[in-house]
Amino acid sequence: VNENIRIKMLRSVARADVYNNDATKHFTLESVQVFRSYNMLQLIPNNITGNSEGGTMVDTPSLPQQSTFFSVDYPMPLLNPEAGETFIEQIYLPEAPAPATDRQISDATCLVVGGIYDDGIYPAKTVYYRIDFRSPGEPFGQILRNYRYTFIIQKVSGLGWDTPEEAAQNAPSGMIVTVESWDEHTTDMYFDGQHHYGVSSR
């Protein structure tokens with residue numbers, strides 16, 4: 001039977017990309033690691049809203065009641081850029097709620113960027129910097145499904161922490177990062193039984 005069926009779909013995870021555009025040229029990106037990611041995800045969101053283009057989106061995270069974040073001792077595996085590249089893309093994350101204001105440093109899911117800092121004054125060394133999810137108009141630390149978070153390193157002005165764990169447990173410093181996020185919904189999706197092709201206005 002040849003019938004057209006419209007199904008609204010949302011990815012159950014978020015995506016993060018990190019790009020090194022350091023204006024000082026003192027920093028070489030070597031790794032990205034995720035700390036305090038949640039240990040469960042929920043396939044079907046609790047609430048779905050519409051966006052300006054008729055697609056579907058979420059504005060609050062949906063987590064199983066028993067879900068909790070991993071401690072700093074259990075980060076996600078280290079990711080490294082491909083040879084010659086200055087970025088790391090396609091870091092997939094479960095949704096995360098915004099932590100309480102007084103626990104933003106200790107409870108928020110965050111990225112830790114590692115790399116070689118060489119300012120020509122002190123010996124070059126590998127150091128680590130924390131990056132938080134702080135999208136304009138969104139609560140601190142909140143991560144939503146079907147969103148892509150783009151972190152652009154604009155400037156590295158000082159040495160970071162000696163270990164990823166130290167960076168994950170302290171407030172960010174020494175690095176200026178621009179955070180861009182948007183809903184990556186697709187307005188039309190075409191299937192032929194084996195392949196799919198999505199079209200979005202963006």
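Just so it is clear, the model here is predicted, and its values are computed rather than measured.
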*asked:* On a heavy-atom basis, which atom in Ile121 and which in Asp119 lie closest, and how many Å separate them?
replied: N-OD1, 2.9 Å

*Test side-chain contact (heavy atoms from CB on, under 4.5 Å) on Gln104 and Asp132 and set out the steps.*
CA-CA 9 Å; Gln104 289 179 344; Asp132 284 301; over 6 Å; no

_So, applying side chain to side chain contact (heavy atoms under 4.5 Å, CB included) with Val13, which one of Ile91, Asn146, Leu41 is it?_
Leu41

*Side-chain heavy atoms under 4.5 angstrom apart, residues restricted to Ile, Leu, Val, Met, Phe, Trp, Tyr: same cluster for Val112 and Val32?*
no

*Could you state whether Ile131 and Ile105 fall into the same hydrophobic cluster, counting links through intermediate Ile, Leu, Val, Met, Phe, Trp or Tyr residues with side-chain heavy atoms under 4.5 angstrom apart?*
no

*Counting N and O atoms only, with roles assigned by atom type, does the side chain of Asp22 sit under 3.5 Å from a partner on the main chain of Phe27, one being a donor and the other an acceptor?*
yes

*To the nearest 0.5 Å, tell me how far Phe69 CZ sits from Leu63 CG.*
12.0 Å

*Would you sort out whether Leu29 and Ile88 count as a side-chain contact (heavy atoms from CB on, under 4.5 Å), showing the intermediate values?*
CA-CA 9 Å; Leu29 178 66; Ile88 296 175; 4.1 Å; yes

_With a 4.5 Å cut-off on side-chain heavy atoms, are Asn47 and Val58 touching?_
no

_With side-chain contact (heavy atoms from CB on, under 4.5 Å) as the criterion, how do Gln42 and Gln65 come out once you've worked through the C-alpha distance, each side chain's angles and the decisive distance to 0.1 Å?_
CA-CA 10 Å; Gln42 184 172 306; Gln65 288 186 349; over 6 Å; no

*Any sub-3.5 Å donor-acceptor pair from Asn80's side-chain atoms to Glu30's backbone N or O?*
yes

_Validation row: Leu144, Glu95 side chains within 4.5 angstrom (heavy atoms)_ = yes

*Inter-residue atom distance Met175.CE - Asn20.CG, 0.5 Å rounding*: 7.0 Å

*Distance from Glu165 atom CD to Tyr128 atom OH, nearest 0.5 Å?*
8.5 Å

_For the student: nearest non-hydrogen atoms of Val72 and Ala168, plus distance_ = CG1-CB, 4.5 Å

*Between the side chain of Tyr117 and the main-chain N/O of Leu159, is any donor-acceptor distance below 3.5 Å?*
no

*asked:* For Phe140, is there any backbone N or O sitting under 3.5 Å from a side-chain donor or acceptor partner on Arg134?
replied: no

*Leu111-Trp161 co-clustered via ILVMFWY side chain contacts under 4.5 Å*: no

*Any donor and acceptor pair, going by atom type alone, linking the side chain of Thr109 with main-chain N or O of Arg36 inside 3.5 Å?*
yes

*Hey, quick one: are Tyr149 and Met57 part of the same hydrophobic cluster, counting side-chain heavy atoms closer than 4.5 Å, chains of contacts allowed?*
yes

*Could you give the distance from OH (Tyr147) to CG (Asp59), rounded to the nearest 0.5 Å?*
7.5 Å

*Which atom pair, heavy atoms only, marks the closest approach of Pro61 to Ile143?*
CB-O, 3.9 Å

*Are the aromatic ring centres of Phe35 and Phe70 under 6.0 angstrom apart?*
no

*Give a yes or no on whether the backbone of Leu78 and the side-chain of Ser31 come within a donor-acceptor separation of less than 3.5 Å.*
no

*In sequence, state the C-alpha distance, the side-chain angles, and the governing distance for Met76 and Leu93, and then conclude on side-chain contact (heavy atoms from CB on, under 4.5 Å).*
CA-CA 10 Å; Met76 289 175 65; Leu93 304 162; 3.8 Å; yes

*Do any N or O atoms from the side chain of Arg15 and from the backbone of Glu89 form a donor-acceptor pair under 3.5 angstrom?*
no

_Asp118 side-chain N/O to Pro123 backbone N/O, donor-acceptor pair under 3.5 Å_ = no

_Spacing of CD1 belonging to Ile116 relative to NZ belonging to Lys125, to within rounding of 0.5 Å_ = 12.0 Å

*asked:* Can you tell me how far apart CG (Asp17) and CD1 (Ile152) are? Round to the nearest 0.5 Å.
replied: 10.0 Å

*Could you tell me which non-hydrogen atom of Ala108 sits nearest to which non-hydrogen atom of Arg130, and how far apart they are?*
CB-NH2, 3.9 Å

*Cluster overlap Tyr38 with Val34, hydrophobic side-chain contacts below 4.5 Å*: no

*Is the Tyr19 ring parallel, tilted or perpendicular to the Phe87 ring (thresholds 30°, 60°)?*
tilted

*Under 6.0 Å from the OH atom of Tyr92, do we count more than 12 heavy atoms belonging to anything else shown?*
yes

